[in-house]
Amino acid sequence: MAGHELFCERPYDQVSMDDVAQHAGVSKALVFHYFSTKRDLYVEIVKRAAAELLDATLVPPELPPLERLALGLSRYLDFVEKNERGYVALLTSGVGVDSEVYGVIESVRRALAERMLEGLPSPRSPAHEVVVRGAIGFVEHASHAWIERRAISRDELVALCARVLVAALELPSSRGRR
């Protein structure tokens with residue numbers, strides 16, 4: 001999609017609907033026929049990417065938890081590598097400014113967290129939920145740093161992210177604590 005390519009190459013504010021039409025080889029009127037505003041186009045691109053990420057990271061539920069985690073992380077990085085420019089653009093574009101874009105991203109984070117929490121060997125607690133949400137932030141930022149520098153191998157990154165999450169989940173439950 002032409003809009004996707006342009007938003008990956010340039011910041012949101014530097015892409016116009018004229019640019020999208022020209023890049024797609026269609027009239028501006030045709031672009032506006034499908035998307036009333038540039039924001040509508042951008043939100044649709046983010047929604048499609050979110051659905052693709054969730055589909056790409058599905059793992060068989062019958063796998064043991066650690067294998068599910070490693071496979072899910074590996075598939076996440078597959079998606080990141082395949083969509084490198086878009087991933088970095090989204091993480092660095094100030095997504096918190098647009099509530100709908102933020103909502104799409106948060107829905108992906110919640111879905112990924114729920115997948116990670118499924119099948120925990122110990123009873124699920126509020127502490128586990130906090131740790132998993134923090135781990136998702138860690139994975140996002142570690143993936144971004146990895147894309148920029150490639151200082152460690154992809155397999156090392158998967159192992160590192162898995163170790164961080166497993167170590168954090170071994171903390172005592174916060175039930176009854178403040």
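Note that the structure is predicted; figures quoted are calculated from it, not measured. For the single chain, residues carry numbers from 1 onward in sequence order.
- The closest donor-acceptor contact from the side chain of Asp19 to the backbone of Val15 lies at 3.5 Å or more, if one exists at all.
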### Query
Can you list the steps and then say if Asp55 with Glu52 is a side-chain contact (heavy atoms from CB on, under 4.5 Å)?
CA-CA 5 Å; Asp55 287 346; Glu52 288 173 20; 5.8 Å; no

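- The CD atom of Glu129 sits 6.0 Å away from the CG atom of Leu117 when rounded to the nearest 0.5 Å.
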### Message
Walk me through whether Arg109 and Leu112 qualify under side-chain contact (heavy atoms from CB on, under 4.5 Å).
### Response
CA-CA 5 Å; Arg109 289 174 176 150; Leu112 292 174; 5.8 Å; no

### Message
As a quick check of understanding, evaluate side-chain contact (heavy atoms from CB on, under 4.5 Å) for His4 and Arg48, giving each step before the final call.
### Response
CA-CA 10 Å; His4 179 265; Arg48 287 183 187 184; over 6 Å; no

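- Following chains of ILVMFWY side-chain contacts shorter than 4.5 Å, one cannot reach Val158 starting from Leu58, and the two form parts of different hydrophobic clusters.
- A donor-acceptor pair under 3.5 Å is absent between the side-chain atoms of Asn83 and the main chain of Gly86, judged by distance alone.
- Remark: Leu63 pairs with Pro60, Glu67, Arg68, Leu71 by the side-chain contact (heavy atoms from CB on, under 4.5 Å) rule, at least two apart or across chains.
- Between Leu157 and Ala142, the closest heavy-atom pair is CD1-CB, 3.9 Å.
- Here CD of Glu9 is found 11.5 Å from CD of Gln14. Values are rounded to the nearest 0.5 Å.
- The shortest non-hydrogen separation linking Ala56 to Phe79 is CB-CD1, 4.3 Å.
- Closest of all the heavy-atom pairs between Ala113 and Arg133 is CB-CD, 3.8 Å.
- Side-chain contact between Leu169 and Met116: absent, with no pair of heavy atoms (C-beta onward) separated by less than 4.5 Å.
- Checking Val43, Asp40, Val46 one by one against Glu100, the side chain to side chain contact (heavy atoms under 4.5 Å, CB included) holds for a single residue, Val43.
- Of the possible donor and acceptor atoms, none in the side chain of Arg154 sits under 3.5 Å from a partner among the backbone N and O of Trp146.
- Judged purely by distance below 3.5 Å, without hydrogens or angles, the side chains of Glu148 and His144 pair a donor atom with an acceptor atom.
- Closest non-hydrogen pair, Ala111 versus Leu54, comes out as CB-CD2, 3.8 Å.
- The heavy-atom pair separating Arg150 from Ile147 by the smallest distance is NE-O, 3.7 Å.
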### Task
Test side-chain contact (heavy atoms from CB on, under 4.5 Å) on Val132 and Glu114 and set out the steps.
CA-CA 9 Å; Val132 167; Glu114 192 57 40; over 6 Å; no

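- Counting heavy atoms from C-beta outward, Glu81 and Tyr87 have side chains that stay 4.5 Å or more apart.
- Within 6.0 Å of the CD atom in Gln22, the count of heavy atoms belonging to other residues, nucleotides or ligands does not exceed 12.
- Cluster membership check: Leu66 does not share its hydrophobic cluster with Val59, using side-chain heavy-atom separations under 4.5 Å among Ile, Leu, Val, Met, Phe, Trp and Tyr.
- Between Leu41 and Phe7 the shortest side-chain heavy-atom distance falls below 4.5 Å.
- We find the CG-CG distance between Asp78 and Leu53 to be 11.0 Å, quoted to the nearest 0.5 Å.
- Tyr42 contributes no side-chain N or O that, together with a main-chain N or O of Thr37, makes up a donor-acceptor pair within less than 3.5 Å.
- Looking only at distances, a side-chain donor or acceptor of Ser143 sits under 3.5 Å from a matching main-chain atom of Val139.
- In this structure a side-chain-to-backbone donor-acceptor pair under 3.5 Å is missing from Lys38 to Val20.
- When all heavy atoms are compared, the tightest approach of Val131 to Ala168 is CG1-CB, 3.2 Å.
- Atom OH of Tyr12 is separated from atom CZ of Arg10 by 13.5 Å, given to the nearest 0.5 angstrom.
- Note that SG of Cys161 is 11.5 Å distant from CD1 of Ile136, once rounded to the nearest 0.5 Å.
- The side-chain contact (heavy atoms from CB on, under 4.5 Å) check on Val130 picks up nothing, with sequence neighbours excluded.
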